[in-house]
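Bear in mind that the values here come from a model prediction, so they are computed numbers and not experimental data. Reminder, nothing fancy here: chain letters follow the sequence lines and each chain counts from 1.
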There are 2 protein chains.
Amino acid sequence: MDTQFQKKSKPRKRNEASILSAAEDVFAELGFAGATTSLIARRAGIPKANLHYYFPTKQALYRAIINNIFTIWLQAAETFDDCDDPGEALSRYIRAKMDIARKHPLGSKIWAQEIMQGAPQIQDFLETTLKGWTLSRVKIIKRWIAEGKIASVDPAYLLYMIWATTQHYADFAHQINTLNGGQALSDKQYEEVTSNAVTIILRGIGVQVQE
Amino acid sequence: MDTQFQKKSKPRKRNEASILSAAEDVFAELGFAGATTSLIARRAGIPKANLHYYFPTKQALYRAIINNIFTIWLQAAETFDDCDDPGEALSRYIRAKMDIARKHPLGSKIWAQEIMQGAPQIQDFLETTLKGWTLSRVKIIKRWIAEGKIASVDPAYLLYMIWATTQHYADFAHQINTLNGGQALSDKQYEEVTSNAVTIILRGIGVQVQE
DNA sequence: GTCTATAGAATGATAGAC
DNA sequence: GTCTATCATTCTATAGAC
């Protein structure tokens, strides 16, 4: 029988989950090279040998986490509709990205470090999925410009600005918290930050925003 | 005699320079924990023991590089004048930050990783210099708002957006290059990116921009 | 599935000859 | 100042008893 369709045993499920959670933490903090399996195991509350029983190598564990991050990325990507109203489409996309930055800051940090290291594990994703998605959105934005719905800006650079601004709140949360009196942004503050970003970017490309 | 004022010998100068350059490279790529002194020494073209002769510990080497980054940071900070014209002041600041992102991408990456790791080495800088500078600029931006020169936006969030957008071009250069056909942005493209960022942000806060 | 013990390689750092 | 040789430690990963 193919074991692929067998149910995972209860301890396997529990252990894999706590290993993945601990690993996300450690990889985000120390990067792939800096992370150690013994630290991950300690944080997961299991002996190191058990970690290697579930994930044979550090790479395999890392790739499992990268896969989760892709899922989240796609989730946000889908909110950027081919919509007639650029204000609505972009506002929805920026809000989705801000939401992800708040809910999955570790994934964002791991992504950032991957890119900084030259994307050794995800280069194919950048060249296929990300590139394809970006080109299709560039097309939509160009149409908006041609239709006079938004100002004439370079579509790619607009996307970069959205990525930069939203991911900044995950990647640089520690700096922001320090400047916020050592406190994480409250839900209210985070909603303000989000509105602020939406307003500046939309107004910046010539879309009227109701305040 | 105090040796502090003795001239550095020629080989010391040369070796320190190539170690610092190689270390900047490796720390940017692998973070503090991931970087190894043997890799830094290899890239600097000297035996590992020599590296430890010039910089006793990995930490000492890292701190020397962090100091350089502070110098660069202050350089950009000074371009944000207390100016009557917010368009001029902000445009100059954004351009200075973009310039630094292009000229010192490694420093930007090291900074980013420091923050992501909870700023173990630079927390005091965040709490003193950075916080003080930010508060003083927040004050200036608030005055501009009170005088009706720019729209009512949260000053801190505006600064975060500027930091995010400009540093993104250093930290995520690899991703941007991949989407740019595997080529680094040309001087012309970089000037376009810069203008684009200035335009969107200024227009986003209600400042007229000449196109 | 779990865990002790450990192999084998790499790490930060140093001793000491030149 | 330079560099070989090396120490003590830590790393990834595994063997094998339970």
**Q.** Stretch residues 45-52 of chain A: residues that reach within less than 4.0 Å of DNA chain C through a heavy atom
**A.** A:Pro47, A:Ala49, A:Asn50
Q. So does B:Tyr53 get a side-chain nitrogen or oxygen closer than 4.0 Å to the phosphate oxygens (OP1/OP2) of C:dT14?
A. no
Q. Among all residues two or more places apart in sequence or in another chain, which pass the salt bridge (Lys or Arg N to Asp or Glu O under 4.0 Å) test with A:Lys10?
A. none
Q) By a strict heavy-atom criterion of less than 4.0 Å, which residues belonging to residues 10-27 of chain A are in contact with DNA chain C? A) A:Pro11, A:Arg12, A:Asn15
Q. Using a cut-off of 4.0 Å on non-hydrogen atoms, how would the nucleic acid contact of A:Phe55 be classed: base, sugar-phosphate, or nothing?
A. nothing
Q: Applying salt bridge (Lys or Arg N to Asp or Glu O under 4.0 Å), name anything that partners A:Arg102, two or more places apart in sequence or on another chain.
A: A:Asp187
**Q.** A:Phe172: partners by ring pair (Phe, Tyr, Trp, His ring centres under 6.0 Å), with sequence neighbours left out
**A.** A:His168
Q. Does anything in residues 28-43 of chain B reach DNA chain C, meaning a heavy atom under 4.0 Å, and if so which residues?
A. B:Ala35, B:Thr36, B:Thr37, B:Ser38
Q | salt bridge (Lys or Arg N to Asp or Glu O under 4.0 Å) partners of B:Asp124, counting only residues at least two apart | A | none
Q.
If the condition is ring pair (Phe, Tyr, Trp, His ring centres under 6.0 Å), which residues does B:Tyr190 pass it with, not counting sequence neighbours?
A. none
Q: Taking ring pair (Phe, Tyr, Trp, His ring centres under 6.0 Å) as the test, write out the residues that go with A:Tyr54, two or more places apart.
A: none
Q) Which residues satisfy the side-chain hydrogen bond (donor to acceptor under 3.5 Å, both in side chains) test with A:Asp154, sequence neighbours excluded? A) none
Could you go through residues 26-47 of chain A and list every donor-acceptor pair under 3.5 Å that involves a side-chain atom there, pairing it with any protein atom two or more places apart or in another chain?
residue	atom	partner	partner atom	Å
A:Thr36	OG1	A:Leu39	N	3.1
A:Arg43	NH1	A:Asp25	OD2	3.3

Q: Starting from C1' on D:dT10, measure out to NZ on A:Lys58 and report it in whole angstrom.
A: 12 Å
(Q) For the residue pair B:Ser195 / B:Glu191, report whether a side-chain donor-acceptor contact shorter than 3.5 Å exists. (A) yes
Q | Nucleotide D:dA13, atom P - distance to CG of A:Leu61 in whole Å | A | 10 Å
Q | Residues in salt bridge (Lys or Arg N to Asp or Glu O under 4.0 Å) contact with A:Lys13, at least two apart in sequence or another chain | A | none
